[in-house]
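Single-structure report; data block below.
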Number of protein chains: 2
Amino acid sequence: MEKKSQYLELDNLDTQILSILMNDASVPYTEIAKKLVVSGGTIHVRMKKMEELGIIRGSNLIINPQSVGFDICAFLGIYLEKGSQYKTAVEQLKQVKEVVELHYCTGQYSMFAKIICRDTNHLRHVLNEDIQAIKGIARTETIISLEESIKRQISLI
Amino acid sequence: MEKKSQYLELDNLDTQILSILMNDASVPYTEIAKKLVVSGGTIHVRMKKMEELGIIRGSNLIINPQSVGFDICAFLGIYLEKGSQYKTAVEQLKQVKEVVELHYCTGQYSMFAKIICRDTNHLRHVLNEDIQAIKGIARTETIISLEESIKRQISLI
DNA sequence: GTTGAAAAGTGCTGCGA
DNA sequence: TCGCAGCACTTTTCAAC
């Protein structure tokens, strides 16, 4: 089943490569190579290894949601009627495009979601029509983000 | 060049280009062009326009935090002593590398953070030593994510 | 594992329609 | 405004260390 311990494979060079590309995936390998004083080929080999190990999931173009008309970011604490309804609830929440993140979690909420909507009308529609209609969801609590002050990835160094 | 209304500029083609690259930033322009039945040059022009308009923020390499030893994802509801302490609290939270997201928000919490840690010891250290020590933070509530079931960007189409 | 350079593929630029 | 074609750059491969 399991192959190898997953993260003991990473040395200092791997970590530094990841750190650079996590901030900007468009930095050329040759430039990374120069900065880390190795050859471009080495960067390529390391990246291929990390892709095969599943350490690298892919790359995203990051857009500013507000500039494409999505102005509302909200967090949603979700109470389930029964914990066993988790799996079916997840499947149905996947169908709701506005849900960008979903966690199964400890604490008062059974699940915790992050939602991005165009405006307050859109949010109300998603809450009332899409999410409250899902079987197993008892009730929800909404936290609306007025400002995203920090948005970044973990620092490996 | 003056600034214009930011998102009315986007037509169907722009939206489709973004949708492809938001899922995988490494898709070549030529392939996008083939799929959308335009020339590669057109993709290039559109991308340049959207970069200049600030719609595109950049690109990220996405890694699996667990595979580099970060096993714990937690959300933190933060209560401030006074709302006016928001700005200084943000500045101090920026220094805490484990905080990957921070929102100023409505509801019971003044602020809401997402934290990624190596293990429970690491989390306890961040909570007790780093975050509770910040001036203005009265108390916090921790929600630990046991599973991230959904993780994606907004769908433009 | 790493290197350096050649081969293949991609992005960029200018001209023409 | 769009498409095509040539040039520059990047990624990929591979023999040699």
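Chain naming here is simple, since letters A, B, ... match the order of the sequence lines and numbering starts at 1 in each.
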Measure CZ/B:Arg46 against P/D:dT1 and give the value in whole Å, please.
8 Å

Roughly how many Å is it from CD1 in A:Ile32 to P in C:dT2, rounded to a whole number?
15 Å

What is the distance, to the nearest angstrom, from the CD1 atom on A:Ile43 to the C1' atom on C:dG1?
13 Å

Mind checking A:Thr42 for me? I need base, sugar-phosphate or nothing, with any heavy atom below 4.0 Å counting as a touch.
base

Can you name the residues that form a side chain to side chain donor-acceptor pair (under 3.5 Å) with A:Asn121, not counting sequence neighbours?
A:Arg124

Return the polar atom pairs (N/O with N/O) between nucleotides 9-15 of chain C and the protein under 3.5 Å, or none.
unit_1 : atom_1 : unit_2  : atom_2 : d
C:dG11 : OP1    : B:Tyr29 : N      : 3.4
C:dG11 : OP2    : B:Tyr29 : N      : 2.8
C:dC12 : OP2    : B:His44 : NE2    : 3.1
C:dC12 : O5'    : B:His44 : NE2    : 3.4

Quick one: A:Lys49 NZ to D:dT12 P, roughly how many Å, whole number?
17 Å

Which heavy atom of A:Met22 sits nearest a heavy atom of A:Ile154, and at what distance?
CE-O, 3.2 Å

Is the backbone of A:Ile144 close enough, under 3.5 Å, to the side chain of B:Thr106 for a donor and an acceptor to pair up by distance?
yes

Report whether A:Ile78 and B:Leu146 are members of the same hydrophobic cluster (ILVMFWY, side-chain heavy atoms less than 4.5 Å apart, transitive linking).
yes

Report, as yes or no, whether the 6.0 Å neighbourhood of atom NZ on A:Lys49 holds more than 12 heavy atoms from other residues, nucleotides or ligands.
yes

In terms of side-chain geometry, is the basic nitrogen of A:Glu51 or A:Lys48 positioned less than 4.0 Å from the acidic oxygen of its partner?
no

